[in-house]
Amino acid sequence: MHSHGPVKARHNMVVVGEHRIFLSHLPMFMVPHNAQVILEATFVKQGRTVDDIYFADRAKHRTVLYTLQPESFVLQDFLSAGPAHPALTHFTATVFRGHLEKKGVPIEALTDVEVRVKHIVHAHAFDAPEKLPTLTYVMFGGDQEQFLAHFISKAPDYDQLLSVSMTGQLPSPEELQRGATLEVLDHGTEPSARLKTGKPVSARAHVTGAHQFLNLDVAVKAELYFEAGELSSSM
């Protein structure tokens, strides 16, 4: 049983993507926020898709962080399986230009939108006994844009979202749907050793269920989000 329990709360998220919409939960090492969850979603208002409104707004503010404040829900719904605990498929939320906890501005046309979950990219609870020994990222995105999210394991740790360019043995779209992680073997795991813009690095990817690694090179285009303070301890 997951340690965070079936507790309803507001689980704020970062919004990334210029062609598809991805949501990354802003976690902490405390109940009920102690899980890393990344979703692919679409925004609907009054029965019609309003993704184009978000994309148009982001196109005008490319360097601005976008965040989302949802209604209260049980985060465990994204970690549990089976008819007793179905995955949450939709919830109501408001999209903010800027960090909603740091004077971000709600976008009027994206207020109280229905967020429809298309795909759970990644979800795991923070119940690992030890930190991962290797710098590891969750891979997501597609041909038009590629993203990495630092795999969060045990306090102290950090949250990081990157826009990247990758070449080499890339996972197929079907393999990304199954889930894929990326390991950087020659880096430390502390925040100062995280991937940054600059010289490309060699890495290896692993697709869920596969028996081999895929070798590729990663170049960071931009660090979209970074936070260490909220994950500095288990509180």
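One-based numbering along the sequence shown.
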Check: S172 main-chain N/O paired with E175 side-chain donor or acceptor under 3.5 Å: yes
Y137 and Q160 side chains, donor-acceptor separation under 3.5 Å: yes
Is there side-chain contact between H11 and F73, with heavy atoms separated by less than 4.5 Å? yes
May I have the step-by-step check of side chain to side chain donor-acceptor pair (under 3.5 Å) for S202 and D217, ending in yes or no? CA-CA 5 Å; S202 296; D217 293 318; 3.2 Å; yes
Do the non-hydrogen side-chain atoms of T167 and L216 ever get within less than 4.5 Å of each other? no
Parallel, tilted or perpendicular: ring planes of H99 versus Y225, cut at 30 and 60 degrees: tilted
More than 12 foreign heavy atoms under 6.0 Å from NZ of K8: is that the case here? no
Output field: ring centroids H124/F151 closer than 6.0 Å: yes
Does any non-hydrogen side-chain atom of I38 lie less than 4.5 Å from one of V138? yes
Listed once per pair and sorted, the ring-ring contact (aromatic ring centres under 6.0 Å, His included) pairs that draw on residues 170-206, sequence neighbours left out: H206-F213
Any sub-3.5 Å donor-acceptor pair from D51's side-chain atoms to F43's backbone N or O? yes
Within the 6.0 Å centroid threshold, strictly below: H150 and F226: no
Does T111 use its side chain to pair, donor to acceptor, with the backbone of I107 at less than 3.5 Å? yes
Just wondering, do V164 and K221 contact through their side chains at under 4.5 Å, heavy atoms? no
Between Q36 (side chain) and I152 (backbone), is there a donor-acceptor pair under 3.5 Å? yes
Step-by-step ring pair (Phe, Tyr, Trp, His ring centres under 6.0 Å) determination, Y66 to F96: CA-CA 6 Å; Y66 282 72; F96 287 71; over 10 Å; no
Salt-bridge criterion met for R20 and E40 (N-O under 4.0 Å): yes
State whether R58 and E18 are salt-bridged, where the test is any N-O pair (Lys NZ or Arg NE/NH1/NH2 against Asp/Glu carboxylate O) under 4.0 Å. no
How about L231 and D159: do any of their side-chain heavy atoms sit closer than 4.5 Å? yes
With no hydrogens and no angle check, is any side-chain donor or acceptor of D57 less than 3.5 Å from a backbone partner on I53? no
Group every Ile, Leu, Val, Met, Phe, Trp and Tyr by side-chain heavy-atom contacts under 4.5 Å, then state whether L65 and L68 land in the same group. no
Angle class for the H33/H25 ring planes (parallel below 30°, perpendicular above 60°, tilted otherwise)? parallel
For the residue pair M139 and P171, establish whether any side-chain heavy-atom pair is separated by less than 4.5 Å. yes
D143, CG: over 12 other non-hydrogen atoms inside 6.0 angstrom: no
